Amino acid sequence: MSLLRASSEAVNTDVKIEQLEDGANVEHGSALVRYTESAVRLDSDLTESRDHLLRIAGAQALVEAAATVSAFEGLNRIADVTGIQLDSGLVDESADFRSDLGIDSYAGATSTKSHGSAQRADNVMGIFR
Amino acid sequence: MALTEYDSELDIDPMFATTHREVWRRLGECGTWWTGTERVAAMSEARAAFECQLCSERSDALSPSMIEGTHDSVSELPRQAVELVHKLTTDPGRLTQEWANATIDALGEERYVELAIIVCTQYVIESFAKCLGLALLELPTPGEGAPSQVRPTDVGDVGAWVSQTLDKALANVSRAGSLVPDTEVLWRDIVQCHYSRGPEFAELVWNRALSRPQTELVASTVSALNECFY
């Protein structure tokens with residue numbers, strides 16, 4: 001979520017992270033979210049949502065979406081099973097929206113002791129300091 | 001025998017097939033704490049977890065710990081190893097430190113981490129195939145040899161459930177499997193291929209078929225669906 005906001009700001013897009021389910025005001029956002037939901041849940045409409053994304057965004061975009069879905073299926077699991085804490089920069093970067101979006105109520109939240117201080121990092125590596 | 005290319009009309013970048021084929025083969029090799037046969041057995045358990053009745057009932061339950069029973073196992077792996085593989089595959093967002101501590105006590109910290117890396121790496125490769133409607137690869141041929149059981153010297157308590165390298169060069173998630181570096185390298189290779197791609201990770205503007213905001217929208221959606229805090 002932090003990198004969604006930061007990367008959107010970098011291209012002057014008014015991202016709406018509180019409207020993730022509707023695509024967050026990202027180009028082809030609703031189709032990307034629909035495809036992602038179908039893929040993660042292995043829903044019966046996966047073929048339909050895949051074909052829709054293919055039609056509107058193209059084959060290479062579809063493959064990149066699949067690569068990202070699968071990468072984060074793995075990244076979520078390695079984070080959860082090893083109980084890592086949020087990086088201190090990430091705690092600060094996400095402090096202003098974690099609670100509002102319900103993220104602080106996830107089971108993995110107990111691994112991170114600090115709540116952060118709502119500071120924005122200057123760059124990507126600052127987020128993961 | 002793994003496929004050398006993905007049979008698809010999507011003109012998938014050969015980077016994926018090449019990386020998947022190599023990582024897949026190495027997942028079947030003898031590890032640092034598990035034999036090749038055991039690692040491939042774990043991979044077969046990860047596939048079986050999707051059809052496991054206990055996993056299904058736990059996933060549907062308000063609290064998974066309320067549901068007792070036995071996993072539909074397809075291997076001779078220890079019970080706690082089967083539990084780790086199945087639960088990590090089907091219900092990762094509700095893992096607890098208490099559960100992890102009990103599993104680590106039974107298996108050993110290093111064996112816990114190596115198995116976790118195998119499951120996560122396999123999950124990425126197989127999820128990619130499912131996302132695109134591709135056939136799953138056949139399980140790799142188990143490699144021979146005996147685990148070296150060598151623990152790195154630069155690891156310790158960094159506030160996670162398992163020991164990790166004390167050198168925080170990048171994000172915490174990038175060192176999550178550092179207790180077993182010879183297997184962790186497979187995990188790193190697959191994440192590099194699918195997402196971070198070297199120094200490009202540090203750039204907020206990407207020249208890919210998906211822009212970085214589009215990629216991060218997908219990433220955020222996956223994490224929200226899995227209720228992953230990180």
Side-chain angles (χ1 to χ4, degrees), chain A residues 1 3-4 6-8 10-11 13 15 17 20 23-24 26-29 32-33 36-37 39-42 47 50 58-87 103 106-112 123-125 128, chain B residues 10-13 16 88 92-97 100 113 116-117 119-121 123-124 127-128 130-133 159-162 170-173 176-177 187 190-191 194-195 201-205 208-230:
Chain A
M1 205 77 82
L3 286 171
L4 168 59
S7 62
S8 297
V11 293
T13 297
V15 70
I17 57 174
L20 198 69
V26 171
E27 185 181 14
H28 301 318
L32 286 164
V33 168
T36 302
E37 288 177 342
V40 170
R41 293 173 174 154
L42 295 174
T47 302
R50 181 170 58 227
Q60 297 307 311
L62 171 62
V63 172
E64 285 292 342
T68 307
V69 169
S70 50
F72 277 81
E73 287 273 45
L75 283 161
N76 288 174
R77 281 171 172 76
I78 201 76
D80 286 337
V81 77
T82 57
I84 56 173
Q85 298 192 38
L86 288 186
D87 308 82
I103 298 170
Y106 294 169
T110 56
S111 297
T112 299
N123 52 45
V124 173
M125 302 320 290
F128 293 102
Chain B
L10 292 172
D11 191 23
I12 298 170
D13 188 324
F16 290 106
L88 179 55
R94 296 193 290 179
L95 301 180
T96 64
Q97 186 165 11
V113 171
I117 301 170
V119 171
C120 294
T121 307
Y123 205 102
V124 174
S127 171
F128 180 80
K130 292 173 184 174
C131 281
L132 294 175
W161 296 348
V162 297
L170 296 167
N172 281 341
V173 73
W187 167 248
I190 212 72
V191 174
H194 277 240
Y195 173 66
F201 176 72
E203 304 297 330
L204 287 171
V205 180
R208 300 182 187 175
L210 284 185
S211 68
R212 184 141 202 193
Q214 289 175 312
T215 301
E216 299 299 344
L217 173 64
V218 171
S220 296
T221 303
V222 176
S223 298
L225 290 166
N226 286 330
E227 297 195 356
C228 179
F229 182 69
Y230 188 80

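From a predicted model like this one, the values you see are computed outputs, not experimental measurements.
- Residue with the most contacts toward chain A among B:Val119, B:Asp13, B:Ile190, B:Asp11: B:Asp11 (heavy-atom pairs, distance under 4.5 Å).
- Qualifying side-chain contact (heavy atoms from CB on, under 4.5 Å) partners for B:Ser220, counting only residues two or more places apart in sequence or in other chains: A:Met1, A:Leu4, A:Leu20.
- Both the backbone and the side chain of A:Leu62 come within contact range of chain B, each with at least one heavy atom under 4.5 Å from a heavy atom of that chain.
- A heavy-atom distance below 4.5 Å is not found between the side chains of A:His28 and B:Leu210.
- The contact between A:Arg77 and chain B is made by backbone and side chain atoms together, counting heavy-atom distances below 4.5 Å.
- For the pair A:Thr82 and B:Tyr230, the minimum side-chain heavy-atom distance is 4.5 Å or more.
- The residue among B:Leu88, B:Leu95, B:Val162 with the most heavy atom pairs within less than 4.5 Å of chain A is B:Leu88.
- The choice from B:Ala224, B:Gly177, B:Ala100 that makes the most heavy-atom pairs within less than 4.5 Å of chain A is B:Ala224.
- Side chains of A:Glu73 and B:Asn226: a donor-acceptor N/O pair is present below 3.5 angstrom, by distance only.
- Stacking of B:Arg94 on the aromatic ring of A:Tyr106 is not recorded, the 6.0 Å distance cut-off and the 45° axial limit not both being met.
- Neither the backbone nor the side chain of A:Val15 has a heavy atom closer than 4.5 Å to any heavy atom of chain B.
- No side-chain heavy atom of A:Thr13 sits less than 4.5 Å from a side-chain heavy atom of B:Pro213.
- A donor-acceptor pair shorter than 3.5 Å cannot be found between the side chains of B:His194 and A:Thr68.
- For chain B, no part of A:Asn123 is nearby; none of its heavy atoms comes within less than 4.5 Å.
- Of the atoms belonging to B:Gln97, not a single heavy atom falls under 4.5 Å from chain A.
- Contact of A:Val11 with chain B is made through the side chain alone, with heavy-atom distances under 4.5 Å.
- When the candidates B:Val173, B:Leu225, B:Leu217 are compared by the number of heavy-atom contacts under 4.5 Å with chain A, B:Leu217 comes out ahead.
- Counting heavy-atom pairs closer than 4.5 Å to chain A, the top residue among B:Leu204, B:Thr215, B:Leu170, B:Thr96 is B:Leu204.
- Contact tally against chain A (heavy-atom pairs below 4.5 Å) for B:Cys120, B:Cys131, B:Ala160, B:Ser127: the top residue is B:Cys131.
- In this structure, the portion of B:Arg208 lying under 4.5 Å from any heavy atom of chain A is its side chain and not its backbone.
- Both the backbone and the side chain of A:Val69 come within contact range of chain B, each with at least one heavy atom under 4.5 Å from a heavy atom of that chain.
- Highest contact tally toward chain B, considering only A:Thr110, A:Val63, A:Ile78, is held by A:Ile78 [criterion: heavy-atom pairs under 4.5 Å].
- With A:Asp87 contributing its side chain and B:Asn172 its backbone, the two residues share a donor-acceptor pair below 3.5 Å.
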Could you walk me through whether A:Phe72 and B:Val218 satisfy the side-chain contact (heavy atoms from CB on, under 4.5 Å) test, starting with their C-alpha distance in whole Å, then the side-chain angles of each, then the deciding distance to 0.1 Å, before giving a yes or no?
CA-CA 9 Å; A:Phe72 277 81; B:Val218 171; over 6 Å; no

